[in-house]
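Okay, structure first, notes after.
None of the values given here were measured: they were computed from a predicted structure. Each chain gets a letter, A, B and so on, in the order its sequence line appears, and its residues count up from 1.
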Amino acid sequence: MDEYLILMRLDLITKDAQPSPEQMQVYMKMYQDWVGGIAAQNKFVGGTGLSTEGKVIKSGQIVTDGPFAETKESIAGFITIKAKNFEEAADIAKGCPILNGPGNSVEVRKIVGVDNTR
Amino acid sequence: MQSSEILPHLFRNEYTKIVSVLCKHIGFENIEIAEEIASETFLTATETWGIKGNPEHPTAWLYAVAKNKAKNYLQRNSIFQTKILPELTKTQTESIEPEIDLSPENIYDSQLRMIFAICHPSVSSEAQVGLSLRILCGFGIEEIADAFLTNKETINKRLFRAKERLREEKIAIELPAPEEIEDRLDSVLSTIYLLFNEGYYSISQNKPLRKDLCIEAIRLCSMLVENQITNKPQVYALLALMCFHTSRFEARQDENGEQILYQDQDTNLWNYDLIRKGEIFLNKAASGTKLTKYHLEAGIAYWHTQKEDTKEKWENILQLYNRLLQLQYSPIAALNRTYALSKANGKKEAILEAEKLDLKENHFYFALLGELYIDIDRSKSEGYFRKALSLAKTSQAKISIQKKIDQFSK
């Protein structure tokens with residue numbers, strides 16, 4: 001089994017795109033049920049949600065308040081899972097409930113040591 | 001009470017207190033001496049009470065005899081220390097007049113320190129449970145062997161090795177420093193948790209012993225909540241968990257020792273006093289920021305004390321299992337979570353999730369699939385129950401699965 005990172009990207013900035021508290025509750029349940037299902041297969045390693053604010057530090061020590069590349073591409077959270085191969089990891093990622101929202105995406109990356117990044 | 005009845009009862013309660021107090025005085029390295037003095041005290045009691053009858057205050061009598069025996073031992077030891085040893089080594093050591101304090105406060109303090117000494121990380125968790133049963137709960141070697149489904153020799157060896165270990169490591173009988181409390185508390189709590197599970201989930205038929213294990217686990221945990229240094233939220237959570245579980249103890253087995261499934265239990269046999277206590281402890285567990293598996297399991301156990309099958313109940317149980325599995329995976333939690341999922345989100349979704357679980361050797365897994373398919377596909381359901389029957393190892397499990405299969409021919 002290898003470890004894979006699932007990055008969840010969605011629009012955290014645009015006002016219209018933000019869910020109401022009631023919707024949020026529904027989304028949280030869907031998300032927890034999805035993660036619970038991964039954990040029930042003993043394939044959950046770790047992970048968490050992230051705050052909507054952020055700081056970006058660019059080369060030259062320039063610090064800005066969270067301008068993400070595109071509003072659609074803000075990282076909302078991540079989890080790490082165990083999977084046999086990329087295919088299985090991608091299958092698990094397909095179940096991520098944020099994919100019900102148009103424009104949202106998840107990205108799957110295999111976790112490797114610094115020496116084996118190629 | 002006849003002396004024949006009163007002594008075993010006193011032994012269980014007082015032996016452990018005498019050993020803990022003496023150990024606090026003479027150190028863990030001399031635990032065998034403490035055990036010997038305690039045993040001799042009871043031997044003297046058996047002989048004397050057998051002839052003269054029970055004394056008016058049996059406990060006070062025992063303490064007086066234990067104190068004398070301890071003083072005699074320590075004085076002999078101090079003669080050796082002050083007279084003989086200096087002659088040998090030409091150094092002076094001070095003579096200390098031994099004062100053995102068997103007041104309730106000192107007994108409590110000694111036992112609390114003892115639990116931290118026993119649950120030291122240098123000892124295996126199996127040995128921690130064994131030592132706790134012996135030194136803190138007063139169980140006989142044979143009873144401990146029964147609890148672990150093994151023989152006396154194995155237990156004797158295991159306890160001996162563990163005591164050696166604690167001696168070698170020079171483990172002091174004291175409460176850990178405040179900055180160490182959280183870490184050390186972890187192993188104390190997991191020992192109490194194992195002790196309780198041994199009593200609650202074990203398949204052995206020896207029912208009175210089983211219940212004793214649970215009650216002792218609750219007593220040890222209660223000691224921890226009574227102390228300012230150790231009454232942390234996770235301690236309250238564990239205590240709440242054990243109260244909720246124990247509240248259903250009498251409803252779980254029929255007269256033949258056969259297990260009664262949760263949905264078939266007679267709620268009149270539930271202990272509502274314990275449920276109320278559990279609720280109070282669970283509230284106290286809610287302070288702080290650290291969410292432990294005891295909190296989550298206590299939450300699940302709390303919802304199980306609500307008999308009605310409401311949407312809210314199963315949704316809460318499902319979310320607690322979701323979190324619990326993220327903290328720590330276990331096959332049983334995975335199966336229970338899938339059952340909760342069927343109750344909260346429907347059977348179809350639960351079947352899809354169940355089929356992802358890699359538990360093909362586990363009879364509970366097939367029993368769960370059988371249960372999920374019961375109203376969807378009867379022949380599939382029966383097939384799964386038969387598969388579960390072929391994998392079940394205990395006669396009790398076989399009986400309850402057979403009952404399910406029998407319903408298909410009706």
Quick check on the 6.0 Å ring-centre criterion: do B:Y236 and B:Y294 meet it?
no
Only pairs of heavy atoms separated by less than 4.5 Å count here; which of B:T338, B:L318, B:D358 has the most with chain A?
B:L318
Do B:Y373 and B:Y384 have their ring centres less than 6.0 Å from each other?
yes
Hey, which of A:G46, A:G47, A:G36 has the most heavy atom pairs under 4.5 Å with chain B?
A:G36
With respect to A:Q41, which candidate in B:L359, B:L357, B:L325 satisfies the side chain to side chain contact (heavy atoms under 4.5 Å, CB included) definition?
B:L357
Which atoms of A:K43 approach chain B - backbone, side chain, both or neither, heavy atom under 4.5 Å:
neither
Would you mind telling me which of B:K356, B:E349, B:Q328, B:R323 has the largest number of heavy-atom pairs within less than 4.5 Å of chain A?
B:K356
Does the distance from a Lys or Arg side-chain N to an Asp or Glu carboxylate O, for A:D2 and A:K82, drop under 4.0 Å?
no
Can you tell me which portion of B:Q319 sits under 4.5 Å from chain A's heavy atoms? Options are side chain, backbone, both or neither.
side chain
Taking the ring of B:F244 and the ring of B:H304, is the distance between their centroids below 6.0 Å?
no
